[in-house]
Amino acid sequence: MIQKAVHWRRYLTSFQLIILGFAGVILLGALLLALPVASASGAWTPFRESLFTSTSAVCVTGLVVFDSGSYWSVFGQGVILLLIQIGGLGVITMAATFLMIAGKNISLKERSAMQDAISAPAVGGIVRLTRFILKGTFFIELLGALAMLPVFCRDYGPRGIWMSVFHSVSAFCNAGFDILGRPGNLYPSLTAYIADPLINTIVMLLIVTGGIGFLTWDDVCTHRLHLRRYRMQSKVILAATGLLILLPAVLFFFTDFSDLPMEQRFLASLFQAVTPRTAGYNTADLTAMTEASRAVMILLMLIGGAPGSTAGGMKVTTLTVLAANAFATFRRRAEPQLFHRRLEGAAIRNASTILLLYLTLFFTGAVIISTAEGLPLSACLYETASAVGTVGLTLGLTPQLGALSQWILIVLMFLGRVGGLTLIYAAYSGRDLSCARFPQEKITVG
């Protein structure tokens, strides 16, 4: 039996292993969350609801059908936290971690799967990079928990220790799960701390640190402030991340939160600019924001964070590559450039494909939910952008949705986390695709 399992795994590609790994962890998590011990009431949880929660946790999304703070027991919250950690680091990375702890040799195929899982440029040094990621992750999460400990212990007593750990891991993994709620207040998130500069600052730092990607960490730790030595990808990620935080923050400052004191208005604007790029926390009432601000948040949710990070979405590099290609077209340049480097054609094709996939999933899911539930399309677009971008922000629709709509959100969360190209590569791996070139003919676009 073991030989058959090894033989079967040998013929799976790394992309297929990633998809099956995520699916397996989600299913196991759903079964654990369905147990009576996982709920505070001691009752069995319906499988669809436990599957939704497990998918949201592994895909580091944050959409929920039950209040995480009051519905789940400590055991259930512990399962959710473990699923968040596995989903944030990646199933393949966690599997490799157990192999390293057990002292097992990591094969070339396993190293290749690790490379694809964290978007590393080469197989060489992948084990060293994985150790660096694990040490950095746990160290940053520990610092975040210690920093938030005084506030949560002040407000919740000894339970504040658990709350500090839970929210530190959830913020770093860009999951957006919170355990601050009470029955009847399903989505409080961090609204109680809108005026607390410590919680705001620590959570934003955790979100950004988890969302810039592990390879960017490597550049920062290796080259410090010598930015010229960074990989082009790291430069793109840091520059795009800065712009995607600054510009929305300015918009939110002038269009929303005018009833708040100046310091709180600044914090609220900055926090709401950071969190849509797959983090899922909010300190302000999202339903009270303007339509323009919510539209910008939808765009930010679709963009997401960096490749090889705890964040989801299309990724900031996808947007930057498309923008560079458009700029090259405007300037009538033969090849797009970024930081004095040419971009390869495959990156442009991949970026275009990813954009089309995410827009199709996002819009199709919203249309189906709007039709099935009789809800405004704009509200449904917000929910599906949150699901496919693995964000977790919501206008409060998720618990009210029927079975079909919740299944759609489950599928969108899964597809958004594993990535569109991963699915395509997994589906077509091993196929004998023809390399024949057909005659060329011009077509007018634009």
Side-chain angles (χ1 to χ4, degrees), residues 52 55-56 59-65 174-177 187 189 207 211 240-241 244-245 247-248 251-252 256 271-282 284-306 309-316 318-319 322 351 353-373 375-401 404-420 423:
F52 190 101
T55 304
S56 183
C59 298
V60 289
T61 304
L63 291 175
V64 295
V65 290
N174 281 227
F177 274 81
Y187 291 107
S189 194
I207 291 169
T241 298
L244 290 173
I245 291 174
L247 297 180
L251 171 67
F252 298 158
D256 302 278
F271 194 94
Q272 265 57 237
V274 169
T275 193
R277 291 183 39 254
T278 88
Y281 283 124
N282 60 283
D285 181 7
L286 301 178
T287 60
M289 297 182 72
T290 63
E291 288 288 336
S293 295
R294 292 210 293 263
V296 169
M297 294 182 83
I298 288 176
L299 180 61
L300 293 174
M301 288 191 283
L302 291 174
I303 293 171
S309 71
T310 62
M314 293 187 299
K315 306 297 188 292
V316 293
T318 300
L319 176 68
L322 292 172
T353 304
I354 291 169
L355 175 64
L356 181 61
L357 280 171
Y358 272 82
L359 290 180
T360 301
L361 291 170
F362 150 71
F363 187 74
T364 303
V367 168
I368 295 174
I369 292 175
S370 178
T371 303
E373 305 290 339
L375 294 169
L377 180 61
S378 60
C380 296
L381 287 171
Y382 197 97
E383 297 293 311
T384 54
S386 182
V388 77
T390 68
V391 183
L393 293 177
T394 179
L395 299 178
L397 299 184
T398 303
Q400 307 170 20
L401 300 178
L404 173 62
S405 299
Q406 289 188 4
W407 278 110
I408 290 173
L409 292 181
I410 288 173
V411 172
L412 289 178
M413 288 189 288
F414 183 77
L415 297 181
R417 182 53 182 158
V418 300
L423 288 168

Would Arg277 and Ile245 satisfy side-chain contact (heavy atoms from CB on, under 4.5 Å), going step by step from the backbone distance to the final call? CA-CA 9 Å; Arg277 291 183 39 254; Ile245 291 174; 4.1 Å; yes
Audit row: Met314, Leu357, side-chain contact (heavy atoms from CB on, under 4.5 Å) steps and yes/no: CA-CA 9 Å; Met314 293 187 299; Leu357 280 171; over 6 Å; no
Taking it one step at a time, do Ile410 and Phe414 satisfy side-chain contact (heavy atoms from CB on, under 4.5 Å)? CA-CA 6 Å; Ile410 288 173; Phe414 183 77; 5.7 Å; no
What verdict does the side-chain contact (heavy atoms from CB on, under 4.5 Å) test give for Tyr382 and Thr394, after you've listed the backbone C-alpha separation in whole Å, the side-chain angles of each residue and the deciding distance to 0.1 Å? CA-CA 7 Å; Tyr382 197 97; Thr394 179; 5.6 Å; no
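Contact annotation: the side chain of Tyr281 approaches that of Phe271 to within less than 4.5 Å [non-hydrogen atoms, C-beta and beyond]. Here the side chains of Ile369 and Leu397 are not in contact, with every heavy-atom distance at 4.5 Å or above. Residues Leu322 and Thr318 meet the side-chain proximity criterion, which asks for heavy atoms closer than 4.5 Å. Considering only heavy atoms from C-beta on, Val60 stays 4.5 Å or farther from Thr310 through its side chain. Side-chain contact check for Pro248 versus Phe252: some heavy-atom pair is nearer than 4.5 Å.
Of all non-hydrogen atoms in Leu393 and Ser386, the two that sit nearest each other are O-OG, 2.7 Å. For the residue pair Leu286 and Met297, the shortest heavy atom distance occurs at CD2-CE, 3.9 Å. Ile298 and Ala385 make their closest contact through CG2-CB, 3.8 Å (heavy atoms, listed as atom of the first residue, atom of the second, distance). Nearest heavy-atom pair across Ala306 and Val316 is CA-CG2, 4.2 Å.
Of the possible donor and acceptor atoms, one in the side chain of Glu383 sits under 3.5 Å from a partner among the backbone N and O of Leu395. At distances below 3.5 Å, at least one donor-acceptor pair connects side-chain atoms of Ser370 with backbone N or O atoms of Leu375. A donor-acceptor distance shorter than 3.5 angstrom exists from the side chain of Gln400 to the backbone of Gly396, with no hydrogens or angles considered. Checked by atom type and distance alone, the side chain of Ser56 never pairs as donor or acceptor with a backbone atom of Val64 at under 3.5 Å. Distance alone, capped at 3.5 Å, is enough to place a donor-acceptor pair between the Thr384 side chain and the Leu381 backbone. Using a distance-only test at 3.5 Å, with no hydrogens or angles considered, no donor-acceptor pair links the side chain of Tyr358 to the main chain of Gly389. With hydrogens and angles ignored, the 3.5 Å screen pairs no side-chain donor or acceptor of Thr390 with any backbone N or O of Thr61. Using a distance-only test at 3.5 Å, with no hydrogens or angles considered, no donor-acceptor pair links the side chain of Thr398 to the main chain of Leu63. Proximity of a side-chain donor or acceptor of Thr371 to a complementary backbone N or O of Val367 within less than 3.5 Å is detected.
Not counting sequence neighbours, Ala295 has no partner by the side chain to side chain contact (heavy atoms under 4.5 Å, CB included) test. Partners of Ala311 according to the side chain to side chain contact (heavy atoms under 4.5 Å, CB included) rule, which considers only residues two or more places apart in sequence or in another chain, are Asn174, Thr278, Ser309.
Atom CG of Leu361 is separated from atom CD1 of Ile408 by 11.0 Å, given to the nearest 0.5 angstrom. Between the CG atom in Leu319 and the CG atom in Leu244 there is a gap of 6.5 Å [rounded to 0.5 Å].
Listed by first and then second residue, the side-chain hydrogen bond (donor to acceptor under 3.5 Å, both in side chains) pairs involving residues 287-300 are Thr255-Ser293, Asp256-Ser293, Asp285-Thr287, Thr290-Ser293, Glu291-Arg294 (not counting sequence neighbours).
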